[in-house]
Enquirer: 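Mind looking over this structure? Questions follow.
The chain is numbered in sequence order, starting from 1.
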Amino acid sequence: MIKKIFLLLLPLFLVACSNLPKYVAMDSRTKSSLGEVGILSVIPQDEIIVVAANPGVTAAMGGGLIGALIDSQIAKNRQNDIQKVVEPFYAAIDDVDFRKLMWAAFAPSLHTAFDGKISEIRNTPLSMTPQERDQRIASLAPGKSFMYIGSNYSFTRDLTQLNVITSVDLWTGGRPEQVYSNVFNYRSAAVENKTAPMTAWADDGGKRYRAAIGESIREMVGMFQVDLKHPRLEGVDQGRSAPVRNVTVPIASGAYPLTITGPVLAEQGNRIIVRHADGRLYSLSR
């Protein structure tokens, strides 16, 4: 397994989500009208991404060469520091196969959700180009559908939390736009050792990391099921009998804060599933 350290020049969370389509609910009429569904599941990463956050001096100084040089030197030092703790972490979790775990958990849920209409599920590390995707959609015959599932996973900027994002998009023959589209976001609880988070993730054979990976996959499946059970139509999450409990939760720190605001659709143990104002779902610790 090739080990990599990435210097973060833009916040990964925003980069990952910046070009994603808007939420499209799966209503009961659309779901019942689907014919055969072919699924392509893509997870391009070989391992977790460990990120050395951009210092941000350039922006703070209003740009310019001096700020850029300071940023470069600080980033280099941080990258060297991370290198010292990254190798023990990777050695502890080398056998963790996110792709295998994710695909094994998601496939049964997909078969159940679409009542045996799935014709194939193809798993690959190779993403489709936009041109390949458009050709696949354009070639769909009436009664045929295509679902594209893409996942990525990383640590947060301060390396204390695991962040997993999965997008799901569904097209059907004769309709150029998605008939379903959503993004599921998982954020783990933070490790207690904030001064040496990578050590915390590596301790006891990567016990904390393994547990978070397993939890993230269960939560991805759970969010998908919740979204189909309670689609948001005309601003209302359908099929809910319990009183609406809204929350406002800040989930990012540093220069790029993100606050999730919306109703709690499910809660179990120490986690809640929240629908943000844009329709996307978040599994958060509480």
Side-chain angles (χ1 to χ4, degrees), residues 1 3-8 10-17 43 45-56 74-75 77-99 101-102 105 151-166 184-223 247-260 267-274 281-286:
M1 185 180 292
K3 312 304 183 217
K4 299 178 182 178
I5 297 178
F6 294 82
L7 174 63
L8 186 64
L10 290 172
L12 181 64
F13 185 83
L14 298 181
V15 170
C17 295
I43 303 175
Q45 295 168 234
D46 289 326
E47 72 278 318
I48 184 73
I49 297 174
V50 178
V51 179
N54 180 35
I74 293 175
N77 293 338
R78 287 183 178 179
Q79 191 166 353
N80 290 337
D81 290 340
I82 286 180
Q83 184 69 44
K84 298 174 185 177
V85 293
V86 153
E87 291 303 327
F89 165 72
Y90 277 124
I93 58 93
D94 188 65
D95 62 318
V96 177
D97 190 333
F98 181 87
R99 287 193 190 109
L101 295 170
M102 181 71 166
S151 298
N152 68 73
Y153 55 110
S154 66
F155 290 120
T156 51
R157 288 164 56 90
D158 60 4
L159 305 178
T160 64
Q161 294 172 281
L162 175 68
N163 192 64
V164 182
I165 302 174
T166 294
F184 307 119
N185 302 267
Y186 165 88
R187 181 67 61 90
S188 75
V191 298
E192 294 80 8
N193 189 350
K194 293 180 172 53
T195 58
M198 294 309 301
T199 300
W201 288 115
D203 282 347
D204 298 323
K207 181 178 179 180
R208 183 69 177 262
Y209 177 74
R210 293 170 189 273
I213 284 290
E215 181 179 70
S216 75
I217 292 170
R218 292 192 298 273
E219 291 299 303
M220 287 294 154
V221 173
M223 283 186 280
V247 296
T248 299
V249 185
I251 69 166
S253 59
Y256 302 94
L258 178 63
T259 300
I260 305 304
E267 48 191 319
Q268 184 175 7
N270 62 348
R271 300 201 68 82
I272 58 176
I273 292 177
V274 182
L281 295 187
Y282 291 78
S283 170
L284 308 172
S285 61
R286 59 177 178 178

Enquirer: What do the steps show when you test N270 against R286 for side chain to side chain donor-acceptor pair (under 3.5 Å), and what is the final call?
Expert: CA-CA 6 Å; N270 62 348; R286 59 177 178 178; over 6 Å; no
Enquirer: So which heavy atom on M220 is nearest to which on V164, and how close?
Expert: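 Scanning both residues completely, I find the closest heavy atoms to be CE-O, 3.1 Å.
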Enquirer: Take a 6.0 Å sphere around NZ of K207 and say whether it holds more than 12 heavy atoms from other residues, nucleotides or ligands.
Expert: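 Result for NZ/K207: open.
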Enquirer: Which heavy-atom pair separates L159 from P197 by the least distance, and what is that distance?
Expert: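 Nearest heavy atoms, L159 then P197: O-CB, 3.3 Å.
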Enquirer: What do the steps show when you test E192 against R208 for side-chain contact (heavy atoms from CB on, under 4.5 Å), and what is the final call?
Expert: CA-CA 11 Å; E192 294 80 8; R208 183 69 177 262; 3.0 Å; yes
Enquirer: Decide yes or no for I93 and W201: does some side-chain heavy atom of the first lie under 4.5 Å from some side-chain heavy atom of the second?
Expert: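 Side chain of I93 against side chain of W201, heavy atoms only: no contact under 4.5 Å found.
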Enquirer: With a 6.0 Å cut-off on ring centres, are F89 and F155 close enough?
Expert: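 For F89 and F155, the ring centres are under 6.0 Å apart.
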Enquirer: Any idea which heavy atoms bring Y282 and L258 closest together, and the distance?
Expert: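 Of all heavy-atom pairs spanning Y282 and L258, the closest is OH-CD2, 4.3 Å.
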Enquirer: Under the criterion side chain to side chain donor-acceptor pair (under 3.5 Å), I'd like the reasoning laid out for R271 against S283: C-alpha separation, chi angles, the key distance, then a yes or no.
Expert: CA-CA 7 Å; R271 300 201 68 82; S283 170; 2.9 Å; yes
Enquirer: Indicate the ring-plane relationship of Y153 and F98, choosing parallel, tilted or perpendicular according to the 30° and 60° boundaries.
Expert: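 Y153 and F98: parallel rings.
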Enquirer: Would you call R99-E47 a salt bridge at under 4.0 Å N-O?
Expert: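 No, no charged N to carboxylate O under 4.0 Å.
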Enquirer: How far does CG of N185 sit from CG of L284, to the nearest 0.5 angstrom?
Expert: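 Rounded to the nearest 0.5 Å, the CG-CG separation comes out at 8.5 Å.
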Enquirer: Got a salt bridge between R210 and D95, using NZ or NE/NH1/NH2 to carboxylate O under 4.0 Å?
Expert: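 Yes.
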Enquirer: Could you walk me through whether S154 and N152 pass the side chain to side chain donor-acceptor pair (under 3.5 Å) test, one step at a time?
Expert: CA-CA 7 Å; S154 66; N152 68 73; 5.1 Å; no
Enquirer: Work out which heavy atom in A189 is nearest to a heavy atom in S285; give both atom names and the distance.
Expert: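 Between these two residues, the closest heavy atoms are CA-OG, 3.7 Å.
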